[in-house]
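Right, one structure below, let's go through it.
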Amino acid sequence: MKENILNNLKAISNRIQLACLKSNRDPRDVKLLLATKTVRAEDIKIAIEAGFHLIGENKVQEVKEKFEILSTVEHQKHFIGHLQTNKIKDILKYDVNCIQSLDRIDLAEKLHQRLSKENKTIDVFIQVNTSNEESKFGISPEDAVEFTKQVAQFDTLKIKGLMTIGLFSAEDEKVRVCFKLLKKIQMQINELHIPDVKVNELSMGMSNDLEIAIEEGATIIRVGTAIFGQRIYPDSYYWNESK
Ligand SMILES: *Cc1c(COP(=O)(O)O)cnc(C)c1O
């Protein structure tokens with residue numbers, strides 16, 4: 001297993017290099033986030049010790065379960081799943097550094113209340129539903145700029161980026177449209193010069209579409225399957241609140 005993970009990490013690093021070469025970008029501007037849902041803490045540790053210090057979890061329960069084992073290795077932890085408001089306390093308790101999936105105002109409000117009480121701040125990305133699929137979370141592209149303005153009013157929430165899940169399609173050009181749209185929204189937001197808001201990060205691209213995302217400006221790609229292997233549950237299990 002260890003050898004598989006290390007080989008896969010090498011392969012992903014090569015894919016990042018190639019995509020950067022093709023689009024004239026510096027590979028140092030593209031961070032690899034390990035998407036670690038369902039992955040055992042011991043296996044995550046192997047990847048962290050190999051030099052990949054950024055992980056992303058989808059479920060608060062898994063953040064909790066892996067907390068102790070992972071506390072022995074230095075890393076950054078982002079939350080990339082659908083966040084229910086009743087889990088906010090735990091997100092803060094288990095040292096999540098950034099919530100990439102901020103997608104509704106009641107969540108922003110409740111986060112702000114809790115953070116204010118604890119005298120803390122947290123980094124957030126706005127999740128945008130660029131594929132307009134009902135099955136996916138995220139603010140709709142038309143509402144993204146206005147939503148960002150609203151979130152900016154909560155001084156405990158530090159807006160650092162945008163996140164999206166591209167359309168699942170074998171047609172590259174349809175996937176590319178999603179990533180282009182996120183880039184466009186980033187430029188619209190940054191042109192407004194909202195005080196304290198600098199949307200530098202674009203979190204987009206996964207195992208199957210990371211090259212397209214890098215070509216369109218991704219600064220963080222989120223990769224699970226291509227590093228840790230196939231998961232047993234379908235992704236919808238992790239993206240739907242009802243399950
Ligand atoms: C699972 C997941 C990923 C990684 O997907 P892979 O196809 O396994 O690389 C990326 N982003 C989110 C939000 C995920 O839930």
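Every number for a ligand or one of its atoms is a count from 1 in the order of the listing.
Taking a cutoff of 4.0 Å between a charged side-chain nitrogen and a carboxylate oxygen, Asp43 and Arg40 qualify as a salt bridge. Classification of Lys59 and Glu62 as a salt-bridged pair fails, no side-chain N sitting under 4.0 Å from a carboxylate O.
Atoms of ligand 1 lying under 4.0 Å from any heavy atom of Thr225, numbered from 1 in the order shown and given with element: 6 (P), 7 (O), 8 (O), 9 (O). Listed by number with element, the atoms of ligand 1 under 4.0 angstrom from any heavy atom of Val223 are 9 (O). Listed by number with element, the atoms of ligand 1 under 4.0 Å from a non-hydrogen atom of Asn58 are 14 (C), 15 (O). Those atoms of ligand 1 that come under 4.0 Å of a heavy atom in Ala35, given as number and element, are 3 (C), 4 (C).
Of the listed options Gln127, Arg231, Arg222, Lys37, Lys37 places a heavy atom closest to atom 1 (C) of ligand 1.
Ligand 1 does not have Asn208 within reach: every non-hydrogen atom of the residue lies 4.0 Å or more from it. Residue-ligand proximity: Gln100 is placed with every non-hydrogen atom at 4.0 Å or more from ligand 1.
In this view, Lys160 and Asp123 satisfy the salt bridge (Lys or Arg N to Asp or Glu O under 4.0 Å) rule, not counting sequence neighbours. Remark: Lys158 engages Asp196 in a side-chain hydrogen bond (donor to acceptor under 3.5 Å, both in side chains) (not counting sequence neighbours).
Paired with Leu32 under the rule side chain to side chain contact (heavy atoms under 4.5 Å, CB included), one option of Leu54, Leu210, Ile227 passes, and it is Ile227.
The aromatic rings of His78 and Phe125 stand perpendicular to each other, their planes meeting at an angle above 60°, with 30° marking the opposite boundary.
Residue contacts with ligand 1: Gly224 is placed with a nitrogen or oxygen under 3.5 Å of a nitrogen or oxygen of the ligand (distance criterion only).
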